[in-house]
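Heads up: the structure comes next, in structure tokens.
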Amino acid sequence: EVREDILEAAEDLLATQPPSEVSLRQIARHGGFQHSLITRHFGSKDELVAEVMQRTMNAYADAVLDTDDPVDGFMRGLEHVASHPASFQTMARALMDGDRSASGDGPFTAFKVHRDRLERNRAGDSGAIDLDVLTAALMALTTGWAFTEDRWLRTAGYTDADRARVRQQLSVLIGRL
């Protein structure tokens, strides 16, 4: 339970500031515990931030596992990112900050899940599209869309009531790729 409290406090702060600007003392103060608890449970800020990133990636992977359909998998990923903005804001800030320990150099399980689905779905297709490139592009499209969806809906004159219809059209677009 203490580890979870620390992770939540870190995620809250890292969603608003890049890792380089957040100290262990700030995280401890935000969570209402001593900063020595963080070092006892995680060792360092780098290890804590890496754990926050891994937790985010694992939750995304869990969200996309329950389907064999590639388009549905990407759309589930989009919905997961949209419904957990703090987690992905944390990841985006860490990536933009160039913090290698936070950028998740380890394997991203969901990438392999998405790629394997695409490969099964495209069996016999000798198209020139590299599946690694397609997978990465579709993950970037869906996660980026989730971050900016409200802005694009407003720009196009849509309301929240149009969101489901727009996402359905996005899934058609993904299916065509």
Side-chain angles (χ1 to χ4, degrees), residues 1-67 70 72-118 132-152 163 167 170 174:
E1 184 176 312
V2 172
R3 278 181 71 84
E4 187 63 28
D5 291 345
I6 294 169
L7 287 166
E8 287 177 15
E11 185 177 284
D12 285 350
L13 285 179
L14 293 168
T16 62
Q17 301 173 65
S20 63
E21 295 178 14
V22 176
S23 71
L24 292 181
R25 290 189 187 281
Q26 288 173 304
I27 294 168
R29 191 169 33 255
H30 183 73
F33 41 78
Q34 302 258 340
H35 82 279
S36 60
L37 274 176
I38 298 172
T39 54
R40 185 176 315 138
H41 285 277
F42 295 95
S44 69
K45 183 174 87 170
D46 286 347
E47 291 300 317
L48 172 60
V49 173
E51 179 83 19
V52 170
M53 296 303 108
Q54 191 59 52
R55 186 171 90 150
T56 298
M57 291 186 293
N58 290 346
Y60 178 96
D62 289 346
V64 303
L65 283 174
D66 293 333
T67 183
D72 188 40
F74 283 108
M75 293 309 294
R76 286 180 184 208
L78 182 153
E79 290 165 8
H80 178 76
V81 173
S83 64
H84 296 86
S87 297
F88 289 91
Q89 287 167 352
T90 298
M91 184 175 281
R93 286 188 186 284
L95 290 169
M96 291 184 328
D97 198 34
D99 188 330
R100 291 203 43 88
S101 67
S103 63
D105 288 333
F108 190 4
T109 305
F111 181 89
K112 183 174 179 356
V113 170
H114 284 311
R115 191 201 182 286
D116 290 350
R117 278 193 200 121
L118 285 171
D132 289 335
V133 172
L134 180 60
T135 303
L138 290 173
M139 288 184 78
L141 170 69
T142 54
T143 56
W145 180 268
F147 275 125
T148 59
E149 181 175 49
D150 289 339
R151 173 74 170 131
W152 300 131
R163 187 178 310 271
R167 284 189 181 177
L170 183 61
I174 291 169

* Member of Thr135, Leu138, Leu134 meeting the side chain to side chain contact (heavy atoms under 4.5 Å, CB included) criterion with Arg115 ->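 Answer to the side chain to side chain contact (heavy atoms under 4.5 Å, CB included) test with Arg115 among Thr135, Leu138, Leu134: Thr135.
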[X] side, atom [atom1]; [Y] side, atom [atom2] - distance, nearest 0.5 Å:
X	Y	atom1	atom2	value
Ile174	Leu78	CD1	CG	7.0 Å
Asp132	Lys112	CG	NZ	10.5 Å
Leu37	Ile27	CG	CD1	12.5 Å
Trp145	Met75	CH2	CE	9.0 Å
Glu21	Thr16	CD	OG1	9.5 Å
Arg163	Leu170	CZ	CG	12.0 Å

Provide the closest heavy-atom pair for [X] versus [Y] in the form atom of the first, atom of the second, distance.
X	Y	result
Leu13	His30	CD1-CB, 3.8 Å
Ala10	Val52	CB-CG2, 4.0 Å
Val64	Ala110	CG2-CB, 4.2 Å
Ala61	Thr109	CB-CB, 4.1 Å

For residues [X] and [Y], determine if any side-chain heavy atom of one lies less than 4.5 Å from a side-chain heavy atom of the other.
X	Y	answer
Glu4	Arg55	yes
Thr142	Val81	no
Leu24	Leu48	yes
Glu149	Arg167	yes
Glu51	Ile6	no

* Go through the steps for Gln34 and Arg40 under the test side chain to side chain contact (heavy atoms under 4.5 Å, CB included), then give the verdict. => CA-CA 10 Å; Gln34 302 258 340; Arg40 185 176 315 138; over 6 Å; no
* Asked: Should Glu11 and Thr56 be marked as a side chain to side chain contact (heavy atoms under 4.5 Å, CB included) after you check the CA-CA gap, both sets of side-chain angles, and the distance that decides it?
  -> CA-CA 10 Å; Glu11 185 177 284; Thr56 298; 4.3 Å; yes
* Any ring-ring contact (aromatic ring centres under 6.0 Å, His included) pairs touching residues 33-66, not counting sequence neighbours? -> Tyr60-Phe108, Tyr60-His114
* To do: Kindly say whether Thr67 contributes a backbone atom to a donor-acceptor pair with the side chain of Arg117 at under 3.5 angstrom?
  => yes
* Is there a donor-acceptor pair closer than 3.5 Å between any side-chain N or O of Ser44 and the backbone N or O of Glu47? -> yes
